[in-house]
There are 2 protein chains.
Amino acid sequence: MSSCDTCVVRNRAICAVLDSKEVEALNGIGRRRNLEAGEALIWEGEESVLVANVIEGMLKLSTGTEDGREQIVGVAYPSDFIGRPFGARTSHSVTALTDARVCLFARKDFDRFAGEHPALEQKLLRRTLAELDRTRDWMLLLARKSAEEKVATFLLEMSSRLVEPGCEAPGDKPLDRFDLPFSRQQIGDILGLTIETVSRQMTRLKRDGVIGLPNRRAVEILDRQALEASAG
Amino acid sequence: MSSCDTCVVRNRAICAVLDSKEVEALNGIGRRRNLEAGEALIWEGEESVLVANVIEGMLKLSTGTEDGREQIVGVAYPSDFIGRPFGARTSHSVTALTDARVCLFARKDFDRFAGEHPALEQKLLRRTLAELDRTRDWMLLLARKSAEEKVATFLLEMSSRLVEPGCEAPGDKPLDRFDLPFSRQQIGDILGLTIETVSRQMTRLKRDGVIGLPNRRAVEILDRQALEASAG
DNA sequence: CGGCCTATTGAACCGGGTCAAGGTATGTGG
DNA sequence: CCACATACCTTGACCCGGTTCAATAGGCCG
């Protein structure tokens, strides 16, 4: 029996389009791997050798300039696919934000398997198109929104992303209370802001009664409408 | 004889993976269309009904906020694929920047055709992955680079993109003199800057002898190394 | 309790936005 | 052919949001 049978993301990851025989074959070329928070899996600029499905935890995709400025260009949640298939250079680092578990493949093995399973490639194509849309939307935020709008938008995004940890079923309503899976520094790296600005905006929203901050990781949305208005 | 036989992008667009019989079939569901500069083809937020290959000219993908701020999130060149296949809402407008010619498909027809031709889907997947990489790289620029770095990066990008109009064969060396296909306003919308800041940075680079500006559309790179240094 | 790490707060500065005034091409009609 | 209009670009002065630098405050664990 393959370990995929008990996989919590079996029906949400790209594997969902495969029948049990195919999933068995895919299982044969993959392996599980646990990552600790902060551990890197893929480094920017290296040749692409690994791809993976996220089973549990969260990872960041990031780039940086030589002089140390960093930007998080994406966040991978359970069931997301990470890495760069089809023989290119990996242009972004992948690092675990929390302890995480992934289902890992050698890129070459995965490429070959994908080539033999068009349904898998189509699934991956759909995901990639959706991810591209989301990434482009984020560009508007990075380029044009004020710090207040950025932070408000981010909190709203988190409140709908974090519905049922590891369960991204659409239709669930957003949370009004959740723990941020990011440090202030990481929030800054996502929004293109400094840690101080993030902190100030959070304090401001708290002072205005829009959100509550019970402790440094928790967020409570007290006035969703006001938060949406702040998001621009 | 199908009009694809004489198509200038026949061997560079996604059609390149199809044999002549398949291309004939694809031609049967598509049609040519000419666009004037400024003409919109797809509107943000609408249901996705059209997809297309760019044959000639350039188009922009853009989003905006309700209060009128705009951001260009991508530029499509000849042989690029535009539109959102697979039944989603189009999240970005597509507008011709120059007079342009496209090869247009009803999204439903294209989806079906693609479903029957895995090689086409794989080609599209590869392109989409590459586009996602490029888009993510651009996020670093938008979020973290200074106005000077943005403008310098933009000029370098143009100098390599505009090699042989409509010919993106890799390996060609970048141009040292070219006409910008964008107005200052559009450059601002790409870089997340105001028109004034773009203008000032261009003037600055000119004053420092890094570039020449023979007229309002033309750019001459006089000191590529200095320009690269400015790009950060 | 003390050490360490992260977050908050404060003060000063500055890059780029904003507002406003010219400049420079192109076209248009007298 | 010139006067004028229009669109786009450049330049200047000012100002503000967000960064920078620096100090303080909380949590957490020994």
Side-chain angles (χ1 to χ4, degrees), chain A residues 37-38 65 67-71 97-98 140-155 179-208 211-220 230-232, chain B residues 36-38 64-65 67-71 97-98 140-155 179-208 211-220 230-232:
Chain A
T65 54
D67 59 330
R69 288 171 284 180
E70 173 166 334
Q71 181 62 35
L97 289 171
T98 61
L140 179 66
L141 172 139
L142 290 178
R144 297 296 188 184
K145 290 199 175 181
S146 67
E148 180 184 2
E149 292 173 316
K150 284 181 177 181
V151 170
T153 306
F154 172 78
L155 292 175
D179 281 349
L180 288 173
F182 305 105
S183 70
R184 293 289 187 269
Q185 181 60 61
Q186 286 162 349
I187 297 173
D189 288 342
I190 290 172
L191 296 175
L193 296 172
T194 59
I195 184 172
E196 294 94 331
T197 302
V198 173
S199 182
R200 276 188 254 271
Q201 294 302 329
M202 300 273 263
T203 311
R204 196 170 167 299
L205 288 169
K206 178 184 174 185
R207 175 172 52 68
D208 296 349
I211 62 170
L213 298 170
N215 65 59
R216 56 177 57 182
R217 285 283 171 145
V219 175
E220 196 170 0
S230 294
Chain B
E36 285 177 24
T65 54
D67 59 329
R69 287 170 284 180
E70 174 166 334
Q71 180 62 36
L97 288 171
T98 62
L140 179 65
L141 173 138
L142 291 177
R144 298 295 187 186
K145 290 199 174 180
S146 69
E148 179 184 3
E149 291 172 317
K150 285 181 177 181
V151 170
T153 306
F154 172 79
L155 292 175
D179 280 350
L180 290 173
F182 304 105
S183 69
R184 294 289 187 269
Q185 180 61 61
Q186 286 162 349
I187 297 173
D189 288 342
I190 291 171
L191 297 175
L193 295 172
T194 60
I195 185 174
E196 294 95 330
T197 302
V198 173
S199 183
R200 275 188 255 271
Q201 293 303 329
M202 299 272 264
T203 310
R204 196 169 167 300
L205 288 169
K206 178 184 174 185
R207 175 172 49 70
D208 295 350
I211 61 171
L213 299 170
N215 65 58
R216 56 180 56 182
R217 285 285 172 145
V219 175
E220 196 169 1
S230 294

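- In this structure, B:K145 atom NZ and C:dG16 atom C1' are separated by 18 Å, rounded to whole Å.
- The side chain of B:R200 lies closest to D:dA13, out of D:dA13, C:dT8, C:dG16.
- Between A:M202 and A:I211, the shortest heavy-atom distance links the atoms O-CD1, 3.9 Å.
- Atom pair B:L193:CG and D:dG18:P shows a separation of 15 Å (rounding to whole Å applied).
- Rounded to the nearest 0.5 angstrom, B:Q71 CD and A:R144 CZ are separated by 5.0 Å.
- Atom CD in B:Q186 sits about 16 Å away from atom P in D:dA7, given to the nearest Å.
- In terms of position along DNA chain D, the nucleotide closest to B:S199 lies nearer the 5' end than the nucleotide closest to the other residue of the pair B:S199 and A:G192.
- Residue side chain B:E196 reaches the base of C:dC19 through a donor-acceptor N/O pair under 3.5 Å, judged by distance alone.
- Considering only side-chain N and O atoms, B:S146 lies nowhere under 4.0 angstrom from the phosphate OP1 or OP2 of C:dG15.
- One atom, CZ of A:R69, and another, P of D:dT20, lie 9 Å apart when rounded to the nearest Å.
- Listed nucleotides C:dT8, C:dG16, D:dC8 differ in distance to B:R216; the shortest reach to its side chain belongs to D:dC8.
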Exercise for review: Test side chain to side chain contact (heavy atoms under 4.5 Å, CB included) on A:L193 and A:R184 and set out the steps.
Suggested key: CA-CA 10 Å; A:L193 296 172; A:R184 293 289 187 269; over 6 Å; no
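- One interatomic measurement links the two molecules: CG of A:L213 to P of C:dT6, which rounds to 19 Å at whole-angstrom precision.
- The structure places CZ of B:R217 at 8.5 Å from CG of B:D179, a figure rounded to the nearest 0.5 Å.
- Set against C:dG10, D:dC9, D:dG26, the side chain of B:R184 has D:dC9 as its closest nucleotide.
- Both A:E148 and B:V198 sit near DNA chain D, but only B:V198 has its closest nucleotide nearer the 5' end.
- Candidate nucleotides C:dG16, C:dG17, C:dT9 were compared by shortest atom distance to the side chain of B:T194, and C:dG17 ranks first.
- Which of C:dT9, D:dT10, C:dT6 sits closest to the side chain of A:T203 comes down to C:dT9.
- Protein atom NZ of A:K206 is 11 Å distant from nucleotide atom C1' of C:dA7, rounded to whole Å.
- Computed from coordinates, the B:M202 CE to D:dC8 C1' distance equals 13 Å when rounded to whole Å.
- Residues B:G192 and B:L142 share a closest heavy-atom pair of N-CD2, 4.2 Å.
- Of the candidate nucleotides D:dT10, C:dG17, D:dT19, D:dT10 has the atom lying nearest to any side-chain atom of B:I195.
- The distance between atom CD of A:Q185 and atom C1' of D:dT20, rounded to the nearest whole Å, is 14 Å.
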